[in-house]
There are 2 protein chains.
Amino acid sequence: MPSLKKAPEATKRDAVKTRARILDAAQSLFCKHGLDGSTVEAIAKVAVVNKRMVYYYFGGKAELYLAVLEKTYANRRQHDSVLEMTEGDPEQCMRRLVRSSFRYCRNNPDYIKLLLAENLNGAKHLRRSKKVLNLHSPLLEKLGALLERGQQIGLFRAYTDPLQVYLTIASLCFFYHSNNATLSTVFGRDFSSSDSSIEREVHVEDVVLSYLKTRPSVEKKTRHQESAGHKPLEMIKHDNVN
Amino acid sequence: MPSLKKAPEATKRDAVKTRARILDAAQSLFCKHGLDGSTVEAIAKVAVVNKRMVYYYFGGKAELYLAVLEKTYANRRQHDSVLEMTEGDPEQCMRRLVRSSFRYCRNNPDYIKLLLAENLNGAKHLRRSKKVLNLHSPLLEKLGALLERGQQIGLFRAYTDPLQVYLTIASLCFFYHSNNATLSTVFGRDFSSSDSSIEREVHVEDVVLSYLKTRPSVEKKTRHQESAGHKPLEMIKHDNVN
DNA sequence: AGAAAACTTAACGTAAACGTTAATTAGGTT
DNA sequence: AACCTAATTAACGTTTACGTTAAGTTTTCT
């Protein structure tokens with residue numbers, strides 16, 4: 001047995017594990033308190049590690065944050081890549097996709113939190129990442145193929161833009177979870193309850209499928225042009241001052 | 001003229017104006033950099049005011065933040081309350097509502113930012129507000145009445161829950177704007193462009209109306225129960241670790 | 001005009017957090 | 001067994017930001 005390490009039995013020093021502990025602690029705290037809200041000292045404490053280790057392994061707070069971000073995105077992509085969409089009833093495939101997306105948001109609050117934080121700062125950190133750029137999104141391609149399959153059997157409407165459909169699914173799944181706190185506060189009820197979540201999930205599935213299965217009429221297209229095409233956005237601008 | 005103040009002509013001291021300047025500066029900075037990211041000193045500087053004034057007028061940073069929050073919510077409510085939905089073609093009313101909501105998000109990035117920030121911290125500050133609780137939302141009631149009107153002329157489907165419809169509209173309008181930064185980064189294109197925005201707006205309108213105008217089949221209802229009712233959420237849980 | 005109230009300012013105390021310097025320990029290598 | 005390097009620690013310097021103290025200046029009211 002040449003390169004087999006002996007059983008570590010409570011090894012005092014382990015670079016990989018230490019690094020991982022820091023990363024996990026950072027994710028947990030960044031998601032709870034944001035980048036500014038989390039201190040390097042607190043992260044170190046949770047990771048049971050000396051503060052200096054953060055700088056040793058990651059260089060600094062910002063780089064650590066980026067590492068957390070990339071890990072989170074990778075997890076999401078991995079989740080998407082597992083989805084089977086190339087065969088079977090297109091409607092069922094689509095429902096599976098929507099459900100999967102909804103539940104991913106439900107089960108991964110960290111993902112939600114990190115995206116919220118990034119959007120608050122204009123994706124300042126995400127933009128520094130080389131790993132995250134996704135010009136040819138595999139998910140978008142799979143979704144496009146699925147839409148095509150559905151169209152060909154006359155189930156889905158024609159002329160759908162996969163990107164728009166993707167955005168719609170993402171909106172419906174993400175928003176409910178990202179804005180759960182304010183929604184619950186304003187409406188004075190608990191949207192995070194299991195019952196509310198299931199009810200919402202059913203509705204979301206319904207909305208997406210209704211859209212895809214609706215054959216757009218010429219009449220409707222005309223209305224669209226009326227409503228959005230002619231009136232410039234500035235005309236109904238409202239500013240935010242008192 | 002008993003209680004008519006004389007013309008101030010460049011008054012050196014003006015409590016209301018000073019207070020307002022602080023509030024505006026705070027809103028601007030809080031939205032750009034968040035609560036933690038903004039310093040009282042910076043706010044004072046933008047407001048052209050001594051730092052001490054923040055404490056004099058608002059008591060502290062947290063209270064100032066709450067004041068900004070309440071002002072922003074009030075502005076949104078005021079915007080909603082103006083909408084006419086009680087007469088005219090229900091479809092047109094609904095399209096107007098969706099468009100109005102979409103464009104409000106587009107034109108009020110501060111509103112978006114503050115909501116994002118609140119959701120990041122679990123609505124910690126918003127919950128301290130007495131003004132914001134909205135148990136009997138006037139908008140929800142107006143929306144319910146509109147749905148009813150549409151149903152009665154056979155235009156909209158029956159059994160719609162106004163709350164779910166509201167959430168759907170909010171999702172579709174809010175998400176595109178709240179997540180514009182990360183979406184643009186990941187897909188490598190500019191979703192904030194006027195063209196993208198208009199294209200999205202048309203799609204969103206289309207999605208909402210498709211849902212409302214689709215008559216749910218019995219078959220579909222059965223599928224829903226299959227898909228969401230029986231399988232418990234825990235069964236497809238994914239955790240966020242590597 | 002004078003006093004009181006409202007408003008404004010400068011300067012300071014204190015605490016917390018980032019990142020660094022430099023010394024120390026453990027593990028594997030020769 | 002001595003050694004060398006990777007991993008770890010303690011302690012410190014510096015900056016920054018919150019909030020306060022106490023004193024000054026307008027405005028307003030009598």
Side-chain angles (χ1 to χ4, degrees), chain A residues 1-26 28-30 32-68 117 121 124-125, chain B residues 1-26 28-30 32-68 117 121 124-125:
Chain A
M1 324 166 171
S3 66
L4 190 63
K5 304 257 172 80
K6 60 188 168 191
E9 343 186 352
T11 316
K12 291 269 162 83
R13 296 186 167 195
D14 187 334
V16 264
K17 276 189 186 170
T18 303
R19 209 192 115 102
R21 277 214 313 281
I22 294 174
L23 199 57
D24 286 346
S28 166
L29 288 192
F30 283 149
K32 267 205 280 275
H33 309 117
L35 175 57
D36 292 328
S38 310
T39 92
V40 174
E41 236 155 344
I43 292 167
K45 199 168 190 176
V46 171
V48 197
V49 133
N50 188 282
K51 184 177 66 150
R52 184 64 179 76
M53 291 294 91
V54 171
Y55 297 92
Y56 184 73
Y57 283 109
F58 294 93
K61 203 186 185 187
E63 288 91 332
L64 175 57
Y65 184 78
L66 184 57
V68 169
N121 62 39
K124 180 168 55 174
H125 298 96
Chain B
M1 322 168 173
S3 67
L4 190 64
K5 304 259 170 77
K6 60 189 167 190
E9 346 185 351
T11 317
K12 289 269 162 84
R13 297 185 165 196
D14 187 332
V16 267
K17 275 190 187 168
T18 302
R19 211 192 115 100
R21 275 214 314 281
I22 294 174
L23 198 58
D24 287 346
S28 165
L29 288 192
F30 283 148
K32 267 206 278 274
H33 309 115
L35 176 57
D36 292 329
S38 309
T39 93
V40 174
E41 235 155 344
I43 293 168
K45 199 167 190 177
V46 171
V48 198
V49 136
N50 187 282
K51 185 177 63 148
R52 183 65 179 77
M53 291 295 91
V54 171
Y55 297 91
Y56 184 76
Y57 283 108
F58 293 93
K61 203 187 183 185
E63 289 91 331
L64 175 57
Y65 184 77
L66 185 57
V68 169
N121 62 39
K124 181 168 54 174
H125 299 94

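In what follows, chains carry the letters A, B, and so on, assigned in the order in which the sequence lines appear, proteins first and then strands, with residues in each chain numbered from 1.
Counting only heavy atoms from C-beta outward, the side chains of A:Val40 and A:Tyr55 approach each other to under 4.5 Å. Using a 4.5 Å heavy-atom threshold, the side chains of B:Ile43 and B:Phe30 count as touching. Under the 4.5 Å side-chain criterion, counting only non-hydrogen atoms from C-beta, B:Lys61 is not in contact with B:Val54. Looking at heavy atoms from C-beta onward, A:Leu66 lies out of side-chain contact with A:Phe58 at the 4.5 angstrom threshold.
Rounded to an integer number of Å, the gap from A:Leu29 CG to C:dA17 P is 12 Å. Atom P of nucleotide C:dA15 and atom CD of A:Glu41 are separated by 15 Å, given to the nearest angstrom. Computed from coordinates, the A:Leu35 CG to C:dC18 C1' distance equals 12 Å when rounded to whole Å. Taking atom CG on B:Asp36 and atom P on D:dT16, their separation rounds to 17 Å, with Å as the unit. Counting to the nearest Å, the P atom of D:dA17 and the NE2 atom of B:His33 are 12 Å from each other. Distance, A:Tyr65 OH to C:dA17 C1': 18 Å, rounded to whole Å. Between the NZ atom of A:Lys17 and the P atom of D:dT8 there is a distance of 12 Å, given to the nearest Å.
Heavy-atom distances under 4.0 Å link DNA chain C to A:Lys51, A:Arg52, A:Tyr55, A:Lys61 of residues 49-62 of chain A, given in residue order.
Using a distance-only test at 3.5 Å, with no hydrogens or angles considered, a donor-acceptor pair links the side chain of B:Asp14 to the main chain of B:Lys17. Remark: the backbone N or O of B:Ala42 is not paired with any side-chain donor or acceptor of B:Lys51 at under 3.5 angstrom.
The phosphate of D:dT8 (OP1 or OP2) has a side-chain N or O of A:Thr18 nearer than 4.0 angstrom.
Contact record, B:Met53 with B:Ile22: CB-CD1, 3.8 Å, taken as the closest heavy-atom pair.
End-to-end axis angle of the helix from C:dA1-D:dT30 to C:dT30-D:dA1, from C1' rotation axes over five pairs per end: 0° (rounded to 10 degrees).
The line from CZ of A:Arg19 to CG of A:Leu64 is 9.0 Å long, rounded to the nearest 0.5 Å. To the nearest 0.5 angstrom, B:Thr18 atom OG1 is 11.0 Å from B:Asn50 atom CG.
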